[in-house]
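Source: prediction; values computed, not measured. Position 1 is the first residue of the sequence, and the numbers go up from there. When reading the values below, keep in mind they use all heavy atoms of this one structure, side chains included, and skip hydrogens, waters and symmetry mates.
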Amino acid sequence: QVQLVESGGGLVQAGGSLRLSCAASGRTFSNHVMGWFRQAPAKEREFVAAISWSGSKTYYADSVKGRFTISRDNAKNTVYLQMNSLKPEDTAVYYCAAATAINMWPRAADFGSWGQGNQVTVSS
């Protein structure tokens with residue numbers, strides 16, 4: 001497993017931007033698919049975005065496609081989530097996660113390592 005620590009959340013107005021970072025410990029970071037999930041109050045945790053170990057393949061939920069961008073820097077053991085054109089419905093705790101493998105589409109059950117979560121609040 002890898003240890004994950006997120007940073008970069010906060011409060012932003014609708015239409016604004018934030019960038020989340022997730023620093024991973026361990027030498028096997030580059031072997032992992034990395035993902036971002038989020039959970040709003042009284043809602044289930046949902047998939048946001050994921051990126052393959054090489055960065056060549058990315059996956060996005062329809063709700064964030066075109067607004068969010070996931071990227072990774074394997075030399076820095078870090079994955080990023082750039083969030084633009086934020087909406088109040090993006091308000092949630094955002095979690096970074098790592099998986100050794102996924103099937104056709106990322107699912108929370110595929111990810112064995114999770115960060116502590118980082119609050120993102122978008123005001124209207």
Side-chain angles (χ1 to χ4, degrees):
Q1 288 191 339
V2 294
Q3 306 299 316
L4 305 171
V5 178
E6 301 111 335
S7 60
L11 174 64
V12 65
Q13 288 189 327
S17 298
L18 281 174
R19 188 175 82 156
L20 300 181
S21 298
C22 174
S25 63
R27 294 175 293 175
T28 61
F29 172 78
S30 60
N31 295 339
H32 284 73
V33 174
M34 298 301 297
W36 289 95
F37 292 77
R38 67 186 181 187
Q39 187 166 18
K43 292 191 176 182
E44 303 252 335
R45 187 172 298 190
E46 65 174 356
F47 167 73
V48 175
I51 187 167
S52 65
W53 66 271
S54 67
S56 61
K57 190 168 180 62
T58 55
Y59 308 80
Y60 294 97
D62 287 343
S63 58
V64 306
K65 198 173 295 182
R67 301 188 297 123
F68 290 12
T69 302
I70 188 171
S71 61
R72 67 189 295 162
D73 185 338
N74 286 344
K76 295 182 178 180
N77 278 14
T78 303
V79 62
Y80 305 97
L81 185 68
Q82 177 67 44
M83 305 184 292
N84 298 330
S85 302
L86 282 161
K87 304 175 181 179
E89 50 264 43
D90 294 318
T91 295
V93 176
Y94 283 71
Y95 296 89
C96 174
T100 54
I102 61 172
N103 290 316
M104 297 295 291
W105 189 258
R107 303 172 303 148
D110 294 327
F111 291 78
S113 298
W114 293 83
Q116 81 283 2
N118 210 348
Q119 179 69 45
V120 170
T121 302
V122 184
S123 63
S124 57

Partners meeting side chain to side chain donor-acceptor pair (under 3.5 Å) with Ser124 (sequence neighbours left out): none
Quick note, ring-ring contact (aromatic ring centres under 6.0 Å, His included) partners involving residues 96-124, not counting sequence neighbours, are Phe37-Phe111, Phe37-Trp114, Phe47-Trp105, Tyr59-Trp105
Please enumerate all residues that pass side chain to side chain donor-acceptor pair (under 3.5 Å) together with Gln82, with sequence neighbours excluded. Asn84
By salt bridge (charged side-chain N to carboxylate O under 4.0 Å, His left out), Lys65 pairs with (sequence neighbours left out) Asp62
Can you confirm whether Gln13 is buried at CD, in the sense that more than 12 heavy atoms of other residues, nucleotides or ligands lie under 6.0 Å from that atom? no
Tell me, please, which residues at least two apart from Thr121 pass side chain to side chain donor-acceptor pair (under 3.5 Å). Gln119
NE2-CG distance between His32 and Asn77, expressed to the nearest 0.5 angstrom: 11.0 Å
Among residues two or more places apart or on two chains, list those pairs meeting disulfide (SG to SG under 2.5 Å) that have a residue in residues 45-78. none
Closest heavy-atom pair and its distance - Pro88, Ala14: CD-CB, 4.1 Å
Which disulfide (SG to SG under 2.5 Å) pairs, counting each pair once, include a residue from residues 33-66, with sequence neighbours left out? none
How close do Trp53 and Ser30 get, counting heavy atoms only, and between which atoms? CB-O, 3.0 Å
Which atom names give the shortest non-hydrogen contact between Val93 and Gly117, and what distance separates them? CG1-CA, 3.7 Å
Could you list the cluster mates of Val120? Members are the ILVMFWY residues connected by side-chain heavy atoms closer than 4.5 Å, either directly or through other members. Val2, Leu4, Val12, Leu18, Leu20, Phe29, Met34, Trp36, Val48, Ile51, Tyr60, Val64, Phe68, Ile70, Val79, Leu81, Met83, Leu86, Tyr94, Val122
Output every pair passing salt bridge (Lys or Arg N to Asp or Glu O under 4.0 Å) with a member in residues 66-81, not counting sequence neighbours, ordered by first then second residue. Arg67-Asp90
Would the distance check show the side chain of Glu6 and the main-chain N or O of Gln116 forming a donor-acceptor pair, the cut-off being under 3.5 Å? yes
Taking only residues two or more places apart in sequence, or in another chain, which ones meet Ser63 in a side chain to side chain contact (heavy atoms under 4.5 Å, CB included)? Arg38, Ala61
Can you list every pair that meets salt bridge (Lys or Arg N to Asp or Glu O under 4.0 Å) and has a residue in residues 96-116, with sequence neighbours left out? Arg107-Asp110
Taking only residues at least two apart or on different chains, which pairs with a member in residues 90-124 satisfy disulfide (SG to SG under 2.5 Å)? Cys22-Cys96
